[in-house]
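Accompanying notes for the structure given below.
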Amino acid sequence: MRILLLGGTGEARELAADLQPGIEVISSLAGRVPDPALPAGAVRIGGFGGVDGLRRWLTDSGVDAVVDATHPFAATITANAAAACTELGLPHLVLARPAWPSDGATTVPSNRGAAEVIAERGHRRGFLTTGRSSVAAFTGVDAWFLIRVVTAPDPGTLPERHRLLLSRGPYEYREEAALLTEHHIDVLVTKNSGGAMTRAKLTAAADHGIPVVMVQRPPLPAGVVTAEDAAQAAAWVRALAASR
Ligand code: NAP
């Protein structure tokens, strides 16, 4: 049995390692980061060319199923995979890691909404952890930002006053707490990514009395089958393989 595993996350790498050698896995990465952490087994890199391109790729490669283990905010590829699999009648699973509880945080639907909250409340020093494509939303806000990203945003998209921190998780509590203190952070901005790898910042913010503005997840496509973690996804793939 051969599966396409849409990846770019820790869970996807965990699943690829778990399934092989028993199952043939082709992992797919978008190609956004120059030096990606590579999963075990075959890897293809780059977009498919929308739903049509993905449908063609799925047909040509003869995969038997698709597991979408992309990030909860990677909504376009998730919608495309759901549409292509429905059209082709291919078994399809979304590995959707549970969201973080948002009690205590100010929840907003978008980065623009987060920027509005910061401006309205007069925060002066924000810690932005919402990713490189989000920073443009904060350019009009009169505040200084510590911006943590994996790859640098285009210079034209950056807020005027900021410091860039290029790094990749996971992050420990102690380093998160040190960042908040060292940079006199008075608001943390995060997506509701879920998962353990980047959760320490929430505990550190709570312990330091720093308010959190949390961008809510885009909804999943209607009717998709989901798993919560790599182990559940692996069980789904193995059950499918056994039934063939
Ligand atoms: P997105 O907005 O949903 O996707 C935009 C386009 O990128 C898709 O239409 C597709 O191009 C291509 N693409 C995305 N994921 C792909 C994959 N795994 N393999 C092949 N093509 C892919 O996605 P995104 O938010 O930019 O995320 C891109 C990648 O980074 C994903 O693999 C995701 O798991 C990872 N990631 C994202 C975040 C985040 O916050 N968004 C965080 C950590 C990791 P075509 O239409 O040409 O097929």
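Order of listing sets the numbers, starting from 1, for every ligand and every atom in it.
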- Ring geometry between His183 and Trp144 (parallel below 30°, tilted from 30 to 60°, perpendicular above 60°): parallel
- Message: Membership question, hydrophobic clusters at under 4.5 Å side-chain separation (ILVMFWY): are Val189 and Phe73 in the same one?
- Response: yes
- Message: Treating Arg199 as the side-chain partner and Trp100 as the backbone partner, does any N or O pair qualify as donor plus acceptor under 3.5 Å?
- Response: no
- Message: By the salt bridge (Lys or Arg N to Asp or Glu O under 4.0 Å) test, which pairs, at least two apart or in different chains, include something from residues 180-193?
- Response: none
Pairs of nitrogen or oxygen atoms, one from ligand 1 and one from the protein, closer than 3.5 Å: please tabulate them with distances.
residue, atom, partner, partner atom, Å
ligand 1, 3 (O), Ala74, O, 3.2
ligand 1, 3 (O), Ala75, N, 3.3
ligand 1, 3 (O), Thr76, N, 2.9
ligand 1, 3 (O), Ile77, N, 2.9
ligand 1, 7 (O), Arg32, NH2, 3.0
ligand 1, 18 (N), Ser28, O, 3.0
ligand 1, 19 (N), Ser28, OG, 2.7
ligand 1, 26 (O), Arg32, NE, 3.3
ligand 1, 26 (O), Arg32, NH2, 2.9
ligand 1, 32 (O), Gly7, O, 2.7
ligand 1, 34 (O), Gly7, O, 2.9
ligand 1, 34 (O), His71, N, 2.9
ligand 1, 40 (O), His71, ND1, 3.4
ligand 1, 40 (O), Lys191, NZ, 2.3
ligand 1, 46 (O), Gly50, N, 3.0
ligand 1, 47 (O), Phe48, N, 3.3
ligand 1, 47 (O), Gly49, N, 2.9
ligand 1, 48 (O), Phe48, N, 2.7
ligand 1, 48 (O), Gly49, N, 3.3

- Can any side-chain N or O of Arg132 pair as donor or acceptor with the backbone N or O of Ala152 at less than 3.5 Å? yes
- Any side-chain donor-acceptor pair under 3.5 Å between Thr106 and Arg121? yes
